[in-house]
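Hydrogens, waters and symmetry mates are skipped; everything else that's a heavy atom, side chains included, is used.
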Amino acid sequence: MKLASGNQADSSCFGQIAVEYQKQLEVNSLIVADSALYTESNLKMMSELQWLCRVPLSIKAAKSLISTIPESEFIDSIIPGYKLASKIENYAGIEQRWLVVQSQERRESDLRKLTQKITKAESKAVQELKKLSQEEFACEADAIKALSKLSKQFKYHQIKENKVTQIKSKTKYSPQEISYQISATVSEDESKINTEVLSAGRFIIATNVLDSKELSDDSMLSEYKAQQSCERGFGFLKDPLFFADSIFLKSPERIESLGMIMGLCLLVYTLAQRQIRNALKESESTIKNQLGKATNRPTLRWIFQCFQCIHLVKLNQEEHISNWNQQRDFILSLLPDDCLVYYQLVT
């Protein structure tokens, strides 16, 4: 775990962190990250490492690829709901595999949003044209220039028909002066919309592992998606219930110490959660979740909530555990025997 300054951009430090991490562990591993890692300097710095990360669409080659690769080049992934297309590319002087991923669920969502954007854009374009049509110009060229300038602002539409009309000026100071007004209509720009439709639900992940036998296309997607469990863990650390934002520390050293404690807490939390889930799976058992439905993948936070309101009561020089029930007894049976000591179930 490494803490960096909040003023430091992720992309400027991730590569160095990955290199330092690899030196400390000295294991053959695959560094998996999101698009912040994918910069020219980071990729060159990690030339001795195996990496896999998302390619930002701010790179022209990536943006072009997802909007031009035909549907026919995709094959179904073994992961339901995904299609894949692999390409060999060269970026930052490094040969690498780019995997174009098409998510059906995300595609449907993107297309719904695109329809809404087009409708909203058309309404705005019509209003802007109406406003422009009421303006008067000194000459026909000025009117056409204003229309051209406006049309460049349209993302999904284009000017369909336009007409410049000569009129007498409406100003009282020069009633005989001639001016010009323009009228036009808009239509959808099919080429721009088709590009967006083709790109819907697509993203690119890249790796410098060129041998597909060592890391298959399906494994690339699986490894990338596995980030989510790690991300959820750090979301847990940022949760208001952790009260980290209520702690003020004066020195960077103390902040690093707190980060170490939080990291250890996350490690213990994750191990305990995995222990319970594996035990439930092996015993083919379930417990009730927050909604009262059976699950074999509870979060440890829910387990903590299940153990609220338990008290140690001293009565006549004897200690007793209050509010104990069968569910809590079953959950403890899924954990190592050391946990039983806290509730005086073993000596």
Side-chain angles (χ1 to χ4, degrees), residues 2 4 8-23 25 27-107 109-110 195-196 198-232 234:
K2 183 176 178 65
Q8 190 173 20
D10 293 344
S11 57
S12 67
C13 61
F14 277 178
Q16 186 62 41
I17 291 173
V19 171
E20 292 175 0
Y21 164 80
Q22 187 75 4
K23 287 180 180 178
L25 288 185
V27 295
N28 182 24
S29 59
L30 179 71
I31 302 294
V32 183
D34 221 323
S35 58
L37 183 70
Y38 198 90
T39 66
E40 186 173 345
S41 59
N42 282 342
L43 297 186
K44 289 179 178 179
M45 192 183 301
M46 299 188 302
S47 59
E48 301 299 318
L49 306 181
Q50 290 185 332
W51 50 263
L52 183 153
C53 63
R54 185 163 177 165
V55 181
L57 295 183
S58 55
I59 296 175
K60 290 183 179 179
K63 189 172 183 179
S64 174
L65 180 59
I66 68 165
S67 62
T68 57
I69 185 169
E71 186 75 25
S72 58
E73 293 193 24
F74 285 86
I75 59 173
D76 290 334
S77 170
I78 60 174
I79 302 175
Y82 289 93
K83 292 184 178 181
L84 311 173
S86 184
K87 299 283 184 181
I88 297 295
E89 297 285 342
N90 190 298
Y91 180 76
I94 300 169
E95 193 173 18
Q96 51 198 267
R97 285 162 60 203
W98 280 16
L99 185 67
V100 184
V101 182
Q102 181 171 291
S103 164
Q104 185 59 34
E105 183 179 350
R106 182 172 173 179
R107 181 175 175 79
S109 174
D110 286 351
T195 298
E196 294 270 344
L198 204 59
S199 304
R202 293 180 179 180
F203 60 93
I204 301 174
I205 50 179
T207 181
N208 60 344
V209 181
L210 300 179
D211 189 354
S212 59
K213 293 182 180 178
E214 183 179 354
L215 182 67
S216 68
D217 291 347
D218 288 307
S219 295
M220 283 179 66
L221 178 58
S222 179
E223 292 287 357
Y224 179 75
K225 285 172 64 66
Q227 278 188 103
Q228 296 173 3
S229 60
C230 180
E231 292 290 343
R232 281 194 295 269
F234 284 93

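In terms of modelled atom types and a separation under 3.5 Å, the side chain of Ser216 and the main chain of Lys213 share no donor-acceptor contact. Here the side chain of Gln96 pairs a donor or acceptor atom with the backbone of Ile94 at under 3.5 angstrom. One N or O on the side chain of Ser67 and one on the backbone of Lys63 form a donor-acceptor pair closer than 3.5 Å. With hydrogens and angles ignored, the 3.5 Å screen pairs a side-chain donor or acceptor of Asn208 with a backbone N or O of Leu49. Between the side chain of Ser64 and the main chain of Lys60, no donor-acceptor pair closer than 3.5 Å is present. A distance-only check finds no donor-acceptor pair linking the side chain of Asp217 to the backbone of Leu99 [under 3.5 Å]. The closest donor-acceptor contact from the side chain of Ser77 to the backbone of Lys83 lies at 3.5 Å or more, if one exists at all.
Side-chain contact check for Glu223 versus Ile205: every heavy-atom pair is 4.5 Å or farther apart. Val100 is listed as a side-chain neighbour of Phe74, based on a closest heavy-atom distance under 4.5 Å. Between Leu52 and Val209 there is no side-chain heavy-atom pair separated by less than 4.5 Å. Taking 4.5 Å as the limit, every side-chain heavy atom of Met220 sits out of range of all side-chain heavy atoms of Leu84.
When all heavy atoms of Ser11 and Thr39 are compared, the pair lying nearest together is CB-CG2, 3.8 Å. The two atoms that bring Tyr82 and Ser103 nearest to each other are CE2-CB, 3.6 Å, heavy atoms only. Across all non-hydrogen atoms, the minimal contact from Asp34 to Cys53 is O-CB, 3.8 Å. Taking each heavy atom of Leu215 and Thr207 in turn, the nearest pair found is CD2-OG1, 4.0 Å. Counting all heavy atoms, side chain and backbone alike, Gly15 lies closest to Met46 at O-CG, 4.1 Å. Across all their heavy atoms, Glu40 and Ala92 have their closest contact at CG-CB, 3.4 Å.
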Original post:
Between Gln22 and Glu48, is a side-chain hydrogen bond (donor to acceptor under 3.5 Å, both in side chains) present by the stated rule, with each step listed?
Top reply: CA-CA 10 Å; Gln22 187 75 4; Glu48 301 299 318; over 6 Å; no
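Summarising the geometry, atom CD1 belonging to Ile204 is positioned 14.0 Å from atom CZ belonging to Arg97; distances are rounded to the nearest 0.5 Å. Taking CD1 from Ile75 and CD from Gln102, the interatomic distance works out to 12.5 Å, rounded to the nearest 0.5 Å. Annotation: the span from Gln104 atom CD to Ser109 atom OG amounts to 11.5 Å, rounded to 0.5 Å. To the nearest 0.5 Å, atom CD1 of residue Ile31 and atom CZ of residue Phe14 are 12.0 Å apart. To the nearest 0.5 Å, the span separating CH2 on Trp98 from CD1 on Ile69 amounts to 11.5 Å. How far CD1 of Ile78 is from OG of Ser222: 7.5 Å, rounded to the nearest 0.5 Å.
Residue pairs meeting the salt bridge (Lys or Arg N to Asp or Glu O under 4.0 Å) criterion with at least one member in residues 200-209, sequence neighbours excluded: Glu71-Arg202.
In this pair, Tyr38 and Trp51 present their aromatic rings perpendicular. The plane angle is above 60°, beyond the 30 to 60° band.
With a 6.0 Å cutoff to the six-membered ring centre and a 45° limit on the axis angle, Arg54 does not count as a cation-pi contact of Tyr224.
Other residues, nucleotides and ligands contribute over 12 non-hydrogen atoms within 6.0 Å of the CD atom of Glu20.
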